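The first residue in the sequence is number 1, and the count goes up from there. Keep in mind the model is a prediction, meaning the values are calculated, not measured.
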Amino acid sequence: MENFKEIDLLWILVCGFLVFMMQLGFSLVETGIVRTKNTINVAMKNLIDTVFSIIFFWLFGFGLMFGLDSYGLIGTDNFFIDGKDLQLNGFFFFQAMFAATSITIVSGAVAERIKFNGYIVVAIIVSTIIYPVFGHWAWSENGWLKTLGFIDFAGSTVVHSLGGWIGLAGAIVLGPRLGKFRKGKITYFAPSNHNFVVFGVFILFFAWFGFNAGSLLTFKADVTSILLNTLLAGVFGGLSAWIITLFSKEKVGVEIFSFGIVAGLVGITAGCYEFTTTQSAFVGFLSSFIMHYADMLLTKKFKIDDPLSVVAIHGFVGVWGTIAVGIFANLPENLTRFEFIYIQTLGVIVAFIFSFGFGLLLFLFLHKINLLRVRKKHEVLGLNRSEHNAKLPWVDTIQSIIQIMKTGNVDKKIYEERDTEIGIVSKFFNYLLSMLKEKNNELRKSNQNLSVKAYHDNLTKILNRNGLLKKLMEKNNDYILAIIDIDKFKTINDTYGHDVGDYVLRDLAAIISNKIRVTDIFARWGGEEFVLIFDTKDLLLAQNIADNLRKDVENSKFKTVNKITISIGVSEFKSKNDTFEDVFKKADQALYQAKTSGRNRVYVY
């Protein structure tokens with residue numbers, strides 16, 4: 001470990017502070033992009049991965065990455081440093097911020113469906129093994145890639161591509177979010193807060209100056225070149241993203257424009273110390289196009305759901321930035337341009353194979369032990385609630401409204417939070433519910449009245465033909481049917497008028513209704529004909545009841561006409577194949593026999 005001058009050490013520490021701000025920047029961007037029901041979860045993931053990544057980087061990762069080299073593969077000392085070496089303390093502080101950044105990149109690719117504790121395991125493995133081991137290959141003085149001549153000044157591959165490829169593995173094993181791909185179409189999930197995305201990119205842009213310039217590990221005039229190259233790449237990344245939206249979307253999209261700036265910054269990270277200003281601007285400019293078309297390829301062609309375009313921004317653009325060093329930078333000693341490009345390409349391929357392969361094994365293991373994806377109902381509910389039991393008033397209120405809409409239960413009210421905007425909305429919604437409930441009750445009463453009119457006879461107030469048939473739909477063929485007809489009813493109408501005939505129909509209906517059993521069904525079939533359904537299969541019992549009814553009518557006194565008689569035809573189901581129409585026809589034949597035999601009789605078919 002080299003000894004830093006005090007000004008250099010101060011510069012490293014200040015840049016470490018800036019790099020730590022990237023955690024806040026990524027948190028704001030991710031929180032802004034995901035849906036509101038998952039915002040607390042992704043913020044907590046960014047906080048928890050900082051905690052665990054730094055702990056395990058201190059315990060194991062830093063030693064593996066920067067410890068005494070063994071065969072160019074791993075470091076073998078500087079595990080859980082004791083803080084006595086003040087120079088080492090500063091270097092560790094700076095590098096720990098990089099380790100935390102690498103795992104935070106993974107978070108975006110697996111957002112909105114990974115279990116919180118499963119993600120902690122990912123953070124531990126990345127900061128303990130994956131990032132430190134590859135970092136040793138590329139950045140340790142005796143790392144095998146470093147000795148070949150591989151250059152990745154501040155981590156386009158070591159930090160960004162590594163995080164992107166692990167995120168790709170996670171996105172593949174996890175699968176897409178529910179509803180992302182439906183019937184061949186891609187569903188757009190609107191961000192919860194576009195402002196957070198913009199604010200987050202501002203913070204990332206600011207923190208990136210420390211990320212790149214701090215990697216020089218000394219404070220000298222060359223810092224200005226790194227800062228200028230970083231600045232130009234970022235703004236030209238934004239310019240090309242604006243051009244993409246200008247020609248493909250007609251309006252400047254918040255996500256693609258913001259992500260374009262980040263892509264430009266990722267692209268310049270490997271060569272910020274090697275490039276000229278013109279080269280830096282070109283690398284940043286091209287980065288947004290690579291990001292955009294890589295993201296389209298992953299989403300449309302391979303149906304990979306990457307909520308924050310992590311793989312495109314950090315994975316693919318990181319590759320571009322690293323290979324661009326081989327294309328544009330000054331040649332190292334004893335290397336041709338082709339050899340330099342080959343070494344840079346070899347580095348990004350090794351990074352992909354190592355990180356993506358290790359990532360696949362890690363996520364498949366988490367899937368095997370059921371520690372990877374949340375349950376469907378929890379994903380629908382939102383990870384704020386299911387993973388942290390945290391509530392957002394707006395989200396809870398909207399979900400309550402949706403539940404009421406789904407169930408149609410207007411008796412249930414939503415919670416009214418006092419003295420808040422959402423409380424006012426809730427109060428107004430509850431008022432609308434009460435009005436809807438009142439109108440619903442009026443409609444129910446109106447429907448009941450309509451039902452009565454539709455299935456009841458207006459004159460006699462008993463069931464009509466439709467009402468009878470509807471009742472019989474609820475019964476099996478375990479009843480006996482009787483048709484009742486008023487004898488010489490036409491004579492009554494002709495002699496006394498139809499008003500008197502109506503009185504006779506009403507009185508007859510009242511008499512029979514009062515005499516039959518509760519389980520029997522009585523209805524007016526039409527004109528002077530009535531149908532009586534006996535709730536029994538005993539034909540003799542039905543015949544006796546019908547004859548008693550005939551006698552009761554004969555002995556009753558009617559207005560104006562004084563006396564009337566009725567004839568009744570009775571029939572039953574003779575076989576299982578008989579229908580209502582068959583039984584009715586037989587009862588009608590029995591009624592005809594009663595009429596032709598002298599009337600005022602009961603005949604059974």
**Message:** Any non-hydrogen side-chain atom of Tyr479 less than 4.5 Å from a side-chain atom of Phe580?
**Reply:** yes
**Prompt:** Where the side chain of Ser426 meets the backbone of Tyr415, is there a donor-acceptor pair that is under 3.5 Å apart?
**Reply:** yes
**Message:** Nearest 0.5 Å, please: how far is CG in Leu549 from CD1 in Ile512?
**Reply:** 6.0 Å
**Asked** What distance do Ile486 atom CD1 and Glu528 atom CD have between them, rounded to the nearest 0.5 Å?
**Response** 6.5 Å
**Item:** Any side-chain heavy-atom pair of Thr230 and Leu265 under 4.5 Å
**Value:** yes
**Message:** So that I can tick it off, tell me whether Lys475 and Asp535 are bridged by a salt bridge, with the cut-off set at under 4.0 angstrom between side-chain N and carboxylate O.
**Reply:** yes
**Asked** So how far is it from Phe57 CZ to Ser102 OG, rounded to the nearest 0.5 Å?
**Response** 10.0 Å
**Prompt:** At their closest point, which heavy atom of Leu468 faces which heavy atom of Ile521, and how far apart are they?
**Reply:** CD1-CG2, 3.7 Å
**Message:** Any non-hydrogen side-chain atom of Phe259 less than 4.5 Å from a side-chain atom of Asp295?
**Reply:** no
**Point-to-point distance, once rounded to the nearest 0.5 Å, from CD1 of Ile130 to OG of Ser355** = 7.5 Å
**Request:** Write down the atom of Asp49, the atom of Ala123, and the distance for their closest heavy-atom approach.
**Result:** CB-CB, 4.0 Å
**Item:** Side-chain (Asn430) to main-chain (Ile414) donor-acceptor, under 3.5 angstrom
**Value:** yes
**Item:** Asn38 side chain to Asn41 backbone, donor-acceptor under 3.5 Å
**Value:** no
**Request:** State, with a plain yes or no, whether a side-chain heavy atom of Phe236 is found less than 4.5 Å away from one of Ser240.
**Result:** no
**Asked** Would you call the rings of Phe206 and Phe209 parallel, tilted or perpendicular, where under 30° means parallel and over 60° means perpendicular?
**Response** perpendicular
**Asp306 vs Ser309, side-chain hydrogen bond (donor to acceptor under 3.5 Å, both in side chains): CA-CA, chis, key distance, verdict** = CA-CA 5 Å; Asp306 179 2; Ser309 302; 5.4 Å; no
**Asked** Between Phe289 and Trp320, does the ring centroid distance fall short of 6.0 Å?
**Response** no
**Prompt:** Which is it for Ile404 and Leu433 under the side chain to side chain contact (heavy atoms under 4.5 Å, CB included) test, yes or no, and what are the steps along the way?
**Reply:** CA-CA 10 Å; Ile404 290 173; Leu433 279 181; 3.8 Å; yes
**Request:** Measure across Ser288 and Ile244 and return the closest heavy-atom pair with its distance rounded to 0.1 Å.
**Result:** O-CD1, 3.7 Å
**Item:** Validation row, ring centre Phe522 to ring centre Phe530 under 6.0 Å
**Value:** yes
**Message:** side chain to side chain contact (heavy atoms under 4.5 Å, CB included), that's the test. Do Val121 and Phe365 meet it? Break it down for me.
**Reply:** CA-CA 11 Å; Val121 175; Phe365 172 73; 5.7 Å; no
**Message:** Within a 6.0 Å radius of atom CZ on Arg182, are there more than 12 heavy atoms belonging to other residues, nucleotides or ligands?
**Reply:** no
**Prompt:** Is any NZ, NE, NH1 or NH2 atom of the basic residue among Arg35 and Glu112 found under 4.0 Å from an Asp or Glu carboxylate oxygen of the other?
**Reply:** yes
**Prompt:** So Ile48 and Ile120, side chain to side chain contact (heavy atoms under 4.5 Å, CB included) or not? Walk me through it.
**Reply:** CA-CA 7 Å; Ile48 203 75; Ile120 292 175; 3.9 Å; yes
**Asked** If only atom types and distance count, is the side chain of Lys180 paired as donor or acceptor with the main-chain N or O of Asp305 below 3.5 Å?
**Response** no
**Item:** Closest heavy-atom pair and its distance - Gly164, Val310
**Value:** CA-CG1, 3.9 Å
**Item:** Exercise: identify the closest heavy-atom pair between Gly210 and Val19
**Value:** C-CG2, 3.8 Å
**Prompt:** Between Asp478 and Lys537, does at least one N-O distance fall below 4.0 Å, as a salt bridge requires?
**Reply:** no
**Prompt:** Can you tell me if Thr245 uses its side chain to pair, donor with acceptor, with the backbone of Trp242 under 3.5 Å?
**Reply:** yes
**Fill in**
Which of Trp208, Phe316, Phe26 passes ring-ring contact (aromatic ring centres under 6.0 Å, His included) with His160? Answer is Trp208
**Prompt:** Does the ring centre of Tyr131 sit less than 6.0 Å away from the ring centre of Phe98?
**Reply:** no
**Asked** Are Tyr455 and Asn464 close enough, and set up right, to give a side-chain hydrogen bond (donor to acceptor under 3.5 Å, both in side chains), and what steps lead you there?
**Response** CA-CA 6 Å; Tyr455 295 118; Asn464 59 18; over 6 Å; no
**Message:** Can you confirm whether Asn384 sits close enough to Thr36 that some side-chain heavy atom of one is under 4.5 Å from a side-chain heavy atom of the other?
**Reply:** no
**Message:** Distance check, rounded to the nearest 0.5 Å: Leu232 atom CG versus Leu239 atom CG?
**Reply:** 11.5 Å
**Prompt:** Do the side chain of Ser127 and the main chain of Ile124 share a donor and acceptor less than 3.5 angstrom apart?
**Reply:** yes
**Prompt:** Is there a side-chain contact between Lys45 and Glu30 (heavy atoms, below 4.5 Å)?
**Reply:** yes
**Request:** Mark yes when over 12 heavy atoms from residues, nucleotides or ligands other than Phe196 sit less than 6.0 Å from its CZ; otherwise mark no.
**Result:** no
**Request:** Measure across Ala263 and Ser287 and return the closest heavy-atom pair with its distance rounded to 0.1 Å.
**Result:** O-CB, 3.4 Å
**Request:** Begin with the C-alpha distance, continue with both residues' side-chain angles, and end with the deciding distance and a verdict on ring pair (Phe, Tyr, Trp, His ring centres under 6.0 Å) for Phe584 and Trp525.
**Result:** CA-CA 11 Å; Phe584 186 89; Trp525 191 252; 4.7 Å; yes
**Item:** More than 12 heavy atoms from other groups under 6.0 Å of CZ on Phe20
**Value:** no
**Message:** Taking Leu436's backbone N and O only, do any of them form a donor-acceptor pair with Asn440's side chain (distance below 3.5 Å, no angle check)?
**Reply:** no
**Message:** Main chain of Val380, side chain of Lys37: is a donor-acceptor contact present, judged purely on distance under 3.5 Å?
**Reply:** yes
**Item:** Side-chain donor/acceptor of Arg385 to backbone N/O of His388, under 3.5 Å
**Value:** no
**Item:** Full working for ring pair (Phe, Tyr, Trp, His ring centres under 6.0 Å) between Phe17 and Phe93
**Value:** CA-CA 9 Å; Phe17 300 150; Phe93 178 81; 5.5 Å; yes
**Message:** Glu379 and side-chain hydrogen bond (donor to acceptor under 3.5 Å, both in side chains): which single residue from Arg373, Arg177, Arg113 fits?
**Reply:** Arg373
**Request:** Would you check, one step at a time, whether the test side chain to side chain contact (heavy atoms under 4.5 Å, CB included) holds for Thr269 with Val159?
**Result:** CA-CA 10 Å; Thr269 299; Val159 177; over 6 Å; no
**Asked** Below 4.5 Å, heavy atoms only, C-beta onward: do His367 and Phe363 meet side chain to side chain?
**Response** no
**Item:** Interatomic distance, Arg506 atom CZ to Lys559 atom NZ [nearest 0.5 angstrom]
**Value:** 8.5 Å
**Asked** Are Leu372 and Lys115 side-chain neighbours, meaning at least one heavy-atom pair lies under 4.5 Å?
**Response** no
